[in-house]
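These notes are about the structure you will find just below.
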Amino acid sequence: MLKADLIPGTVPNAVVGRVFDDGMSAIKAWREYLHLTQAEVAERLGVTLAVYAQMESVKRQSRVTRQQIADALGIGLEQLDF
């Protein structure tokens, strides 16, 4: 499924499965689902790869950080916070 095929506000089963079955962070699951590299998302956020990698591995970021990441991924915050 392409990003353009997403229904606003929904979370694909593939993302949910990676989070709940594989224990992956929602941020990483979405990034991989959207076929983006860490470097691509870091560039969109204007941070270094190392900073983004740390953001992706933290269990829970601030709301502002989550919103920035959601924007960089092109999804809504509610899709990241399922």
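Everything numeric in this text was worked out from a predicted model, so none of it was measured. Only heavy atoms go into these numbers, but all of them, side chains included; no hydrogens, no water, no symmetry mates.
- The closest donor-acceptor contact from the side chain of Glu40 to the backbone of Thr37 lies under 3.5 Å.
- Sparse packing is recorded around CD of Glu43, with 12 or fewer heavy atoms of other residues, nucleotides or ligands lying under 6.0 Å away.
- Across Val19 and Ala26, no two heavy atoms sit closer than the pair CG2-CA, 3.6 Å.
- When atom types are taken as modelled, the side chain of Arg31 and the backbone of Leu36 share a donor-acceptor pair closer than 3.5 angstrom.
- Residues Ile75 and Phe20 share a hydrophobic cluster, clusters being chains of Ile/Leu/Val/Met/Phe/Trp/Tyr side chains in contact below 4.5 Å.
- No donor-acceptor pair closer than 3.5 Å links the side chain of Ser25 to the backbone N or O of Ser57.
- Residues Met24 and Phe82 do not share a hydrophobic cluster, defined by chaining ILVMFWY side chains whose heavy atoms lie under 4.5 Å apart.
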- Starting from the C-alpha separation in whole Å, work towards a yes-or-no answer on side chain to side chain contact (heavy atoms under 4.5 Å, CB included) for Val15 and Glu32. CA-CA 9 Å; Val15 173; Glu32 290 185 356; over 6 Å; no
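- Clustering ILVMFWY residues whenever any of their side-chain heavy atoms sit less than 4.5 angstrom apart, transitively, puts Ile69 in a cluster other than the one holding Leu49.
- With hydrogens and angles disregarded, a donor-acceptor distance shorter than 3.5 Å links the side chain of Trp30 to the backbone of Gln79.
- A 4.5 Å side-chain heavy-atom check between Leu73 and Arg44 finds every atom pair outside the cut-off.
- Val41 and Val58 sit in two unconnected hydrophobic clusters of ILVMFWY residues. Membership requires side-chain heavy atoms under 4.5 Å apart, directly or through other members.
- In the hydrophobic clustering of this structure, Leu80 groups with Leu45; members are Ile, Leu, Val, Met, Phe, Trp, Tyr whose side-chain heavy atoms approach within less than 4.5 Å, directly or through other members.
- Sorted by first and then second residue, the salt bridge (Lys or Arg N to Asp or Glu O under 4.0 Å) pairs involving residues 72-82 (not counting sequence neighbours) are Arg60-Asp81, Arg66-Asp81.
- Closest approach of Thr48 and Ala42 over heavy atoms only: O-CB, 3.7 Å.
- Remark: Asn13 CG is loosely packed, at most 12 non-hydrogen atoms of other residues, nucleotides or ligands lying under 6.0 Å away.
- Between the side chain of Gln61 and the main chain of Met55, a donor-acceptor pair closer than 3.5 Å is present.
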